[in-house]
Amino acid sequence: SFTPNSIQNMMMMVNDSGVIQWARHSGGNNDDELFGVDALNGEIYAVGYTDDASPAFLAGTIQKYDASGNLLYSNIAAISQIEQFSQVKVGPTGGIYAGGYTSQNGIDAYVVKYNPNGSQVWNRSVGNPTTAELAFDLTPTSDGGVLVYGATSQGAGSDDLFFSKLDSNGTLQWTRIYGTNRTDFP
């Protein structure tokens, strides 16, 4: 949804026939966008960014809605100049994982684990300070951890694939990089 001076969030629920059940706008005075959505048991989680946060230029945001479209919370994860979430996944152990990128140490993949009440459990940058990594997808694991999938400039080509495993405490367990001497963008 667009206002004269900024981009605002819009969440919408439609039924199986495409009929709008509810629609909600949210956001501040500056740009706010949502990119990823996941739901479980009538609870809807959406992630993106806002530039209404300080001291960050862009900050990752997570919002939780109930099945009727009531906003239950909207939280900001700001640790540096830029954080942006592009995906969210609800895990089998109740954790909510938001992923995207941060500019904390160059450009790194960024993952934050939240509890269902919106409190941050942990946050981790995944990557090398001298290369760029972007998280494109997350897969929560049965042990409370998460697999992170994305692109890196660290491999044989200009863009290669990476997979990283974080445990339930957010500790990096391993990273694997796959690619050729060409661009292998996911």
T102 side, atom OG1; I107 side, atom CD1 - distance, nearest 0.5 Å: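 It is 7.5 Å, given to the nearest 0.5 Å.
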message: With rounding to the nearest 0.5 angstrom, report the OH to OG distance, Y65 to S74.
response: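 The distance works out to 7.0 Å.
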Please table the atom pairs, donor to acceptor, closer than 3.5 Å between any side-chain atom in residues 135-143 and protein atoms at least two apart or in another chain.
unit_1	atom_1	unit_2	atom_2	d
D137	OD1	K89	NZ	2.7
T141	OG1	D143	OD1	2.4
T141	OG1	G145	N	3.2
T141	OG1	G145	O	3.1
D143	OD1	G145	N	3.0
D143	OD1	K165	NZ	3.4
D143	OD2	K165	NZ	3.1

Write down the atom of [X], the atom of [Y], and the distance for their closest heavy-atom approach.
X    : Y    : value
T93  : G144 : OG1-CA, 3.6 Å
E133 : T152 : OE2-OG1, 2.8 Å
S125 : Y110 : OG-CD1, 4.2 Å
V88  : Y45  : CG1-O, 3.6 Å

Please set out all donor-acceptor pairs under 3.5 angstrom arising from side-chain atoms of residues 10-23, sequence neighbours excluded.
unit_1	atom_1	unit_2	atom_2	d
N15	OD1	S17	N	2.9
N15	OD1	G18	N	3.1
N15	OD1	V19	N	2.9
Q21	NE2	V19	O	3.1
W22	NE1	A67	O	3.0

- request: Kindly determine whether L172 and S164 satisfy side chain to side chain contact (heavy atoms under 4.5 Å, CB included), including the steps that lead there.
  value: CA-CA 7 Å; L172 180 65; S164 292; 3.9 Å; yes
message: I96 vs N115, test: side chain to side chain contact (heavy atoms under 4.5 Å, CB included). Steps then yes/no.
response: CA-CA 6 Å; I96 295 90; N115 69 23; 6.0 Å; no
Is any side-chain heavy atom of [Y] closer than 4.5 Å to one of [X]?
X    : Y    : value
N75  : T61  : no
R176 : W174 : yes
V37  : I44  : yes

Listed partners of D167 passing side chain to side chain donor-acceptor pair (under 3.5 Å), at least two apart: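 By the side chain to side chain donor-acceptor pair (under 3.5 Å) rule, D167 matches Q173.
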message: Under the salt bridge (Lys or Arg N to Asp or Glu O under 4.0 Å) definition, can you give me all pairs with a residue in residues 90-106, not counting sequence neighbours?
response: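 Pairs touching residues 90-106 that pass the test: none.
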- prompt: salt bridge (Lys or Arg N to Asp or Glu O under 4.0 Å): which pairs involve residues 57-72, sequence neighbours left out?
  reply: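 Matches after skipping sequence neighbours: E43-K64.
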task: Tell me, please, which residues at least two apart from F163 pass ring pair (Phe, Tyr, Trp, His ring centres under 6.0 Å).
output: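 Partners of F163 under the ring pair (Phe, Tyr, Trp, His ring centres under 6.0 Å) test: Y149, Y178.
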message: Could you work out, with ring pair (Phe, Tyr, Trp, His ring centres under 6.0 Å) as the rule, every residue matching F162, not counting sequence neighbours?
response: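 Residues passing ring pair (Phe, Tyr, Trp, His ring centres under 6.0 Å) with F162: none at all.
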Audit row: V126, L166, side chain to side chain contact (heavy atoms under 4.5 Å, CB included) steps and yes/no: CA-CA 9 Å; V126 178; L166 303 175; 4.3 Å; yes
message: Once side-chain contact (heavy atoms from CB on, under 4.5 Å) is applied, do any residues pair with S86, and if so which ones, sequence neighbours excluded?
response: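 Checked S86 against side-chain contact (heavy atoms from CB on, under 4.5 Å); zero matches.
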message: With side chain to side chain contact (heavy atoms under 4.5 Å, CB included) as the criterion, how do V112 and Y97 come out once you've worked through the C-alpha distance, each side chain's angles and the decisive distance to 0.1 Å?
response: CA-CA 6 Å; V112 179; Y97 302 88; over 6 Å; no
R124 side-chain N/O to A109 backbone N/O, donor-acceptor pair under 3.5 Å: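 No; judged by distance alone, with no hydrogens or angles, the pair does not exist.
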